[in-house]
Each structure stands twice: as C-alpha cells, then as structure tokens.
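The structure under discussion appears below in the form of structure tokens.
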Amino acid sequence: MAINQNHLFDELNGIKCAIVEKNVPKERVDFLEHILVYNNYKVIVVSSPAPKIAPVKQTEPLAELEPVTVAAAVPETFTIGVTEVAFNAVNAIFGRLLKAPGGHIVTLAYWQQKDNFPNDEIPYFDHQPASL
C-alpha cells in the first residue's frame with residue numbers, strides 16, 4: 001500500500017511495479033515507454049479495467065419501455081508501471097533524473113507532452129515570469 005497518491009505501486013502481470021500512470025491511451029503509453037526504456041527502466045504495460053457504469057434509475061414499468069441499445073465506444077486504456085518500486089515520476093522529473101533520447105533532460109512540459117522538445121536550458125526554478 002502506498003503512503004500517498006504520489007507513490008503508487010501495484011502488481012502488474014504478477015510483478016510488483018511502481019505505477020507511472022493509469023488509464024492512459026496507447027499513444028501516451030508509447031511516449032512514456034520510449035522515455036523510460038531509454039533511462040534503463042523495465043516497463044510493464046497492462047490493459048486497464050473497463051470503467052464501471054452506474055445503473056440507470058427506472059421510473060416507469062419495464063413493459064412500457066422501448067428497448068434501447070447503447071453503443072458507447074469506451075476507449076481502450078492502459079496502466080504503465082516500472083519494476084523499480086522506488087521510482088516516482090514527480091521526483092524523477094523535478095529532480096532532473098530522466099533524459100530524453102538525445103541526452104536532454106526531461107522537463108515537466110515535455111513529460112506532459114505540452115512541448116515537443118525537452119528545453120533543459122533554463123530550469124523551472126530560474127525561469128523569470130514576463131513583466132506585467
């Protein structure tokens with residue numbers, strides 16, 4: 001059991017893993033797996049369970065209702081973890097421990113896929129906000 005929500009771990013495919021992210025699409029899994037494997041972590045990816053659907057509250061008798069088919073497409077999501085149970089994504093990013101292919105430090109914007117290139121020239125704590 002984790003001490004807090006920042007350091008989750010669980011058993012994935014029978015292997016104890018630190019959870020990197022849950023319920024992520026395949027594109028995000030590919031992105032994170034590429035970074036983590038480059039940093040020599042063994043990555044385990046499993047399919048996330050389907051979300052639970054709340055039962056519909058019925059106000060009319062069943063005989064009077066028309067049959068309704070619900071074809072809601074639930075996107076397939078995954079849970080990604082690493083076998084190093086001491087791994088913590090927040091500590092790894094802000095501690096500047098992860099490198100992107102090419103040798104640049106993985107920044108928060110790059111990890112969140114808000115930036116296409118890890119700009120490690122100016123650390124987040126030295127960045128001066130624009131004057132008002």
Side-chain angles (χ1 to χ4, degrees):
M1 187 166 144
I3 295 173
N4 60 37
Q5 291 297 316
N6 293 332
H7 191 208
L8 297 175
F9 54 91
D10 202 356
E11 199 168 294
L12 304 177
N13 288 343
I15 301 171
K16 189 78 158 186
C17 296
I19 302 299
V20 178
E21 288 189 12
K22 287 185 174 185
N23 299 323
V24 294
K26 181 66 176 152
E27 296 80 25
R28 179 90 174 132
V29 169
D30 294 339
F31 175 78
L32 292 177
E33 187 173 24
H34 187 66
I35 291 172
L36 294 168
V37 168
Y38 182 81
N39 286 278
N40 299 319
Y41 289 104
K42 185 176 179 197
V43 178
I44 307 291
V45 178
V46 297
S47 183
S48 296
K52 295 180 181 178
I53 299 173
V56 178
K57 192 174 190 179
Q58 299 203 1
T59 57
E60 298 179 20
L62 291 177
E64 297 175 13
L65 292 177
E66 297 178 15
V68 177
T69 58
V70 178
V74 178
E76 186 177 17
T77 59
F78 300 90
T79 299
I80 184 167
V82 293
T83 57
E84 176 62 44
V85 292
F87 179 80
N88 183 322
V90 174
N91 291 344
I93 293 165
F94 288 105
R96 302 171 61 84
L97 303 175
L98 295 176
K99 293 193 184 229
H104 293 281
I105 303 292
V106 173
T107 60
L108 180 62
Y110 184 72
W111 180 265
Q112 294 174 342
Q113 293 182 285
K114 294 179 182 176
D115 192 4
N116 294 334
F117 186 76
N119 184 7
D120 59 350
E121 300 297 320
I122 303 173
Y124 73 95
F125 49 82
D126 283 344
H127 179 69
Q128 299 296 323
S131 302
L132 296 177

State, yes or no, whether a side-chain contact exists between [X] and [Y] at a heavy-atom distance under 4.5 Å.
X: D30; Y: K26; result: yes
X: L97; Y: F87; result: no
X: K99; Y: I105; result: yes

How many angstroms lie between atom [atom1] of [X] and atom [atom2] of [Y], to the nearest 0.5 angstrom?
X: K22; Y: D10; atom1: NZ; atom2: CG; value: 5.5 Å
X: N39; Y: H34; atom1: CG; atom2: NE2; value: 10.0 Å
X: E33; Y: Y41; atom1: CD; atom2: OH; value: 15.0 Å
X: L8; Y: N88; atom1: CG; atom2: CG; value: 9.0 Å

(request) Please answer: with hydrophobic residues joined when any side-chain heavy atoms are less than 4.5 Å apart, are Y38 and L98 in the same cluster? (result) no
Heavy atoms only: give me the nearest [X]-[Y] pair and the separation to one decimal.
X: A18; Y: E84; value: CB-O, 3.4 Å
X: A100; Y: Y110; value: CB-CE2, 3.9 Å
X: R28; Y: W111; value: NH1-O, 2.6 Å

(request) Have a look at V20 and tell me which of L36, I35, T79 forms a side chain to side chain contact (heavy atoms under 4.5 Å, CB included) with it. (result) L36
(message) Just to verify, which of I44, I80, V45 counts as forming a side chain to side chain contact (heavy atoms under 4.5 Å, CB included) with L12?
(response) I44
